[in-house]
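Naming convention: chains lettered A, B, ... in sequence-line order (proteins, then strands); numbering from 1 in each chain. All values below were derived from every heavy atom in this structure, side-chain atoms included, with hydrogens, water molecules and symmetry-related copies excluded.
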Number of protein chains: 2
Amino acid sequence: MAETPVPQIAQRPKRADGRRNYDALLVAARTAFAEHGSDASLEDIAHEAGVAIGTLYRHFPTRATLVEAATRDGLEVLVSHARDVADRLAPLTALTDWMRHAVVHFSTFRGLVGILAQSMYDEGTPSHAMCAAMHTSGADLLRAAQRAGEVRADLTADELFGLLSGAAWVRETTRAGKDETERFIELVIEGIAVRTAGP
Amino acid sequence: MAETPVPQIAQRPKRADGRRNYDALLVAARTAFAEHGSDASLEDIAHEAGVAIGTLYRHFPTRATLVEAATRDGLEVLVSHARDVADRLAPLTALTDWMRHAVVHFSTFRGLVGILAQSMYDEGTPSHAMCAAMHTSGADLLRAAQRAGEVRADLTADELFGLLSGAAWVRETTRAGKDETERFIELVIEGIAVRTAGP
DNA sequence: TGACTAATCGAGGCAGCCTCAGGTTAACTG
DNA sequence: CAGTTAACCTGAGGCTGCCTCGATTAGTCA
């Protein structure tokens with residue numbers, strides 16, 4: 001298993017009021033993003049957190065840094081989940097299970113997939129480090145499934161993430177439920193899995 | 001083949017100067033959308049067309065109506081292309097070919113897929129009529145391929161359009177080239193096609 | 001307690017959206 | 001051709017949201 005560095009992008013502020021406001025902003029941001037997508041009004045978020053707009057910008061100089069902070073935990077869970085399933089499940093099952101979780105996380109709120117897809121290859125974006133770690137996680141699972149002969153050998157990790165984010169985008173724009181998402185992933189798996197002997 | 005109504009959403013203005021400005025706006029809009037995506041500045045478009053902002057709003061009361069007018073031709077081509085391939089090609093080949101064209105059109109500019117995906121099921125959107133016609137076209141091709149036993153019988157048209165728009169979204173956000181797009185569609189087809197006898 | 005400086009505040013400049021009251025002009029009519 | 005009319009055009013102005021920055025406040029530490 002390849003090394004998955006744990007990125008520390010921005011240490012939290014030190015002063016008590018600073019820490020308090022930072023947390024309040026994060027809570028407000030998560031709510032606002034869930035409701036209005038990644039382009040929710042920053043001034044509303046600041047107001048909701050009981051803080052002036054300048055304070056928001058002090059903690060999060062760009063929208064991207066706020067999104068990153070609001071979604072970091074979820075991505076961390078995703079990365080550790082990859083290690084977990086790799087240990088517990090058969091290769092293709094592990095990959096499938098992880099893909100399910102990835103799609104759900106990517107579509108946490110409208111606009112997230114776009115940001116993550118961007119960050120995956122664009123260093124310099126706040127989310128890049130976490131995305132790179134996640135890329136490694138996915139690639140490891142893919143490689144294992146390929147070694148086991150369960151996934152077509154010519155599929156690259158980038159292609160896998162293309163399929164994954166496409167699925168997440170569809171989920172987020174159609175507000176698909178559990179069943180539709182499950183079905184969609186099944187179709188994708190069908191396309192990348194090596195067929196076992198037919199009837 | 002089901003009926004494909006040709007919608008006439010908004011007749012063009014009658015007076016000469018009105019028609020002239022309408023056309024100029026459309027040209028400017030296509031350029032701007034291609035360059036900046038569907039959220040290009042409307043004031044820039046008006047200025048580029050040599051017209052005041054109020055004139056733009058007179059012809060296109062909402063951004064959606066402008067997008068619709070700017071992309072209607074392409075959708076019409078897509079619909080007639082479906083009839084064409086249905087006549088000329090074997091069912092699965094026809095479906096595949098049409099999907100290729102659909103993905104390319106859907107990703108004409110950044111933001112289009114989202115609008116089309118929305119319009120497909122939301123009556124009351126300007127693009128809905130064209131989208132519905134296109135839905136019919138795709139469904140016809142799908143049904144033919146299923147009758148020929150070449151595509152899994154349990155795939156619905158809505159699922160097909162989910163896959164299609166997912167592919168288009170990936171193409172538009174990664175600015176994928178011809179090869180990547182081709183590959184992506186191949187993977188999708190692999191997932192929905194009935195496997196011919198294996199080795 | 002006083003000094004230091006992190007942290008906060010919010011007015012203000014800017015961009016883009018959209019409306020509407022008033023001015024202009026193409027097209028038609030006698 | 002002059003008169004009439006409705007279609008058309010204009011752009012200032014109100015609004016929302018982004019982002020900055022100088023003045024102010026308040027934790028922290030010696």
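- Scanning both residues, L95(A) and L142(A), for their nearest heavy atoms gives CD1-N, 4.0 Å.
- Mapping R63(B) and K14(B) onto DNA chain C by nearest heavy atom places R63(B) at the nucleotide closer to the 5' end.
- If you check every strand for non-hydrogen atoms under 4.0 Å, A40(A) touches sugar and phosphate atoms only.
- Looking only at distances, no side-chain donor or acceptor of R110(B) sits under 3.5 Å from a matching main-chain atom of S38(B).
- The distance between atom CD1 of I53(B) and atom P of dA12(D), rounded to the nearest whole Å, is 13 Å.
- In 5' to 3' order, the nucleotides of DNA chain C bounding all contacts with chain A (an atom under 4.0 Å from a heavy atom) are dA6(C) to dA11(C).
- The nearest heavy atom of DNA chain D to N21(B) and to Y57(A) marks one nucleotide each, and the one closer to the 5' end goes with N21(B).
- Among the protein residues, G18(A) comes within range of the sugar-phosphate backbone only, with heavy atoms under 4.0 Å from sugar or phosphate atoms but none that close to a base.
- Set against dC9(D), dG17(D), dA6(D), the side chain of R15(B) has dA6(D) as its closest nucleotide.
- Of the residues near DNA chain C, R20(B) and D39(B), the one whose nearest nucleotide (by heavy atom distance) lies more toward the 5' end is D39(B).
- Among the atoms of the strands shown, only primed sugar atoms or phosphate atoms (P, OP1, OP2) are found under 4.0 Å from some heavy atom of L42(A).
- Counting non-hydrogen atoms under 4.0 angstrom, H59(B) reaches the backbone sugars and phosphates but no base.
- Whole-Å rounding puts the R58(B) CZ to dG11(D) P distance at 16 Å.
- Heavy-atom nearest nucleotides on DNA chain D were determined for L56(B) and for R19(A), and the one closer to the 5' end corresponds to L56(B).
- Taking all atoms of both residues into account, the shortest heavy-atom contact from M99(A) to I189(A) is SD-CD1, 3.7 Å.
- Straight-line distance from the NE2 atom of H47(B) to the P atom of dC9(D): 17 Å, rounded to whole Å.
- One distance of note links CD of Q118(A) with OG1 of T173(B); it measures 8.5 Å at 0.5 Å rounding.
- Using a cutoff of 4.0 Å between basic side-chain nitrogens and carboxylate oxygens, R183(B) and E186(B) are scored as salt-bridged.
- Side-chain contact of D44(B) with H36(B): a donor-acceptor pair under 3.5 Å is absent, judged by distance alone.
- At the heavy-atom level, S41(A) lies under 4.0 Å from the strands shown only through sugar-phosphate atoms.
- If you measure from atom CG of D17(A) to atom C1' of dT25(D), you get 9 Å, rounded to the nearest angstrom.
- R19(A) CZ to N21(A) CG: the interatomic distance, rounded to the nearest 0.5 Å, is 11.5 Å.
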